[in-house]
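Worksheet: one structure, shown below.
Counting starts at 1 for both ligands and their atoms, following the listed order. For reference, positions follow the sequence shown, starting with 1.
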Amino acid sequence: MHKVAMSRVDWSALREDFPILRERVNGHPLIYFDNAASSQKPSAVLNVVRSYYEHENANVHRGLHALSARATEHYEKSRHRVADFIGATSADEIVFTRGTTESINLVAQAWGGRFLHAGDVILLTEMEHHSNLVPWQLLSERIGAQLRFVPVHDDGTLALEKLSSLLTPEVKMFAFTHVSNSLGTINPVVDLCQKARGVGAVTLVDAAQSIGHMPLNVQELGCDFLAFSGHKMCAPTGIGVLYARSEILKSIPPWHGGGEMITSVTLEKSSFKQPPHRFEAGTPNIAGAIGLAAAIDYIEGIGRAQIFQHDVDFATYALKRMAEVPGLRVLGTAQERGGVISFVMDAAHPHDLTTFADRYGLALRGGHHCNQPLMRRFGVTGTSRASFYFYNTREEIDRTIDILQKAVGFFK
Ligand code: PLP
């Protein structure tokens with residue numbers, strides 16, 4: 001990726017857009033380094049959600065009254081906004097879900113349940129979040145499919161040299177993460193999708209950690225499915241997206257049944273709407289979808305290339321400073337990496353360290369990060385993880401290093 005001119009973004013002014021960053025925790029200014037788990041929300045998003053409830057709130061697609069029309073229009077406009085944001089060819093390729101987890105379960109159960117059979121192979125990687133592992137385990141147990149895994153090197157990159165022996169014609173689905181939520185590694189999605197296409201496999205990209213952090217276009221990536229969550233990219237919780245190429249989406253049978261997804265129902269049988277509505281049974285998260293569109297406006301107002309460059313510069317600075325802390329070891333040293341750093345310290349268990357950090361207002365994450373197989377691969381039960389977003393500052397890194405240095409003394 002090209003180096004982007006950073007001068008036009010006033011990062012410290014952006015910080016002011018996030019009311020929660022003014023919080024104090026245990027008497028200290030909050031340092032929020034748990035962005036890979038969930039990002040904070042700017043006023044622009046909070047205001048849009050509030051305004052929706054104050055001026056438009058009603059159920060969508062059902063009512064013939066003014067508020068329902070307003071809510072429906074805003075909800076569907078948000079779908080177009082998402083399509084535009086990720087380069088989908090049509091808003092009909094965008095299914096609103098609760099998040100990445102639900103999106104992947106939809107694909108595994110509805111698409112996999114219809115198109116995968118005993119003996120088929122589902123290829124995953126050793127660095128998948130449990131959300132892109134457990135749904136495939138459940139499916140394969142049900143239908144007798146097999147799971148295969150691309151191993152991870154010590155530096156946190158995928159063992160791509162093994163791909164030719166793993167990505168064989170029996171592979172019907174290759175599902176992998178864009179950016180590792182523990183190691184920060186950025187995987188070569190374009191290349192992986194191209195290779196999968198070569199053997200006729202369908203691809204699913206877990207974009208939970210990339211969507212709010214870098215330019216992303218589904219047509220350039222060449223994927224069939226893409227899943228992400230709003231809450232990791234400045235939007236509310238409980239809203240996410242499944243993108244699927246139109247012809248694939250049209251071929252998938254309904255998943256959840258209920259209101260909103262049918263064209264007609266008798267006591268014995270129902271017929272179903274076309275996608276995406278076929279996959280949105282029940283009242284959707286209307287405010288969430290509207291908040292997601294507001295988050296997209298906000299992020300595009302900054303520029304995704306600028307945000308990515310900020311992540312890269314920030315991680316480089318953090319890694320340099322972390323090297324000063326005695327007994328601190330970083331997991332994963334990939335060249336291509338985002339703003340996520342996992343580390344262990346001789347001084348303390350990750351849980352103890354994270355609890356210690358909280359005393360100083362520093363929000364880290366300690367544990368397995370829903371990556372138990374990856375943790376096992378690295379011979380640890382868990383790590384401490386610092387994950388960054390564009391509103392973090394270098395001064396926060398400096399304060400973090402002081403806290404980690406204190407921990408070395410404290411746990412001695
Ligand atoms: N995939 C990755 C790579 C993640 O980092 C996460 C969340 O941490 C998920 C999937 C699951 O996202 P959600 O809990 O929003 O469904």
Side-chain angles (χ1 to χ4, degrees), residues 32-41 82 95-109 124-138 149-150 152 156-158 174-187 189 192 203-214 216 221 223 225-243 255 279 284-285 288-289 291-292 295 311 331-332 334 336-342 354 363-375 377 382-389:
Y32 189 73
F33 279 174
D34 195 17
N35 293 287
S38 199
S39 76
Q40 298 302 348
K41 325 298 174 201
V82 172
V95 180
F96 284 124
T97 63
R98 282 194 296 129
T100 312
T101 304
E102 188 172 76
S103 298
I104 297 174
N105 275 280
L106 195 170
V107 178
Q109 291 175 34
L124 307 170
T125 84
E126 225 180 356
M127 65 167 73
E128 295 315 308
H129 188 280
H130 297 165
S131 292
N132 196 27
L133 173 58
V134 182
W136 301 111
Q137 292 175 345
L138 293 173
F149 300 93
V150 182
V152 172
T157 58
L158 291 176
F174 184 16
F176 54 89
T177 193
H178 192 170
V179 175
S180 161
N181 61 299
S182 283
L183 307 173
T185 311
I186 302 174
N187 289 323
V189 178
L192 296 179
T203 47
L204 181 148
V205 175
D206 174 349
Q209 295 296 340
S210 57
I211 187 73
H213 290 263
M214 59 184 69
L216 183 158
L221 295 182
C223 57
F225 293 106
L226 183 117
F228 66 88
S229 306
H231 70 94
K232 295 182 199 285
M233 51 165 292
C234 297
T237 49
I239 186 74
V241 166
L242 173 67
Y243 155 83
W255 181 40
F279 303 106
N285 183 351
L292 175 59
D311 269 16
L331 269 70
E336 298 288 320
R337 65 180 305 142
V340 179
I341 299 175
S342 262
T354 307
L364 296 174
R365 193 151 201 98
H368 56 65
H369 320 298
C370 298
N371 268 149
Q372 286 188 13
L374 185 68
M375 295 294 125
R377 151 72 184 81
T383 68
S384 296
R385 181 182 74 182
S387 54
F388 315 119
Y389 213 7

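The local environment of CZ in Arg98 is sparse, with at most 12 non-hydrogen atoms from other residues, nucleotides or ligands closer than 6.0 Å.
At a cut-off of 3.5 Å, with distance as the only test, a side-chain donor of Thr383 or His369 sits close to an acceptor on the other residue.
If you look at Phe33 and Phe388, their ring centroids are closer than 6.0 Å.
Of all protein heavy atoms, the one closest to atom 11 (C) of ligand 1 is Ser131 OG, 3.4 Å. Scanning all protein heavy atoms for the shortest distance to atom 1 (N) of ligand 1 gives Asp206 OD2, 2.5 Å. The nearest heavy-atom contact from the protein to atom 4 (C) of ligand 1 is His129 CD2, 3.3 Å.
Within ligand 1, the atoms closer than 4.0 Å to a non-hydrogen atom of Thr177 are 3 (C), numbered from 1 in the order shown. Below 4.0 Å from some heavy atom of Asn181 lie the following atoms of ligand 1, by number and element: 3 (C), 5 (O). Close approach to Ser229 involves these atoms of ligand 1, each under 4.0 Å from a residue heavy atom: 12 (O), 13 (P), 15 (O), 16 (O).
Residues meeting the side-chain hydrogen bond (donor to acceptor under 3.5 Å, both in side chains) test with Asp34, sequence neighbours left out: Arg365. Listed by chain and residue number, Tyr75, Ser78, Phe96, Ile239 satisfy the side-chain contact (heavy atoms from CB on, under 4.5 Å) test with Ala289 (two or more places apart in sequence, or in another chain).
When atom types are taken as modelled, the side chain of Thr125 and the backbone of Met127 share a donor-acceptor pair closer than 3.5 angstrom. The main-chain N or O of Ser38 is never found under 3.5 Å from a side-chain atom of Lys232 such that the two would form a donor-acceptor pair.
Polar contact check, Gln209 against ligand 1: a nitrogen or oxygen pair lies under 3.5 Å apart. Residue Thr101 places at least one N or O, backbone or side chain, under 3.5 Å from an N or O of ligand 1.
Using a 4.0 Å cutoff on heavy atoms, Lys232 counts as a contact of ligand 1.
Contacts between His231 and ligand 1, counted as non-hydrogen atom pairs separated by less than 4.0 Å, involve the side chain only.
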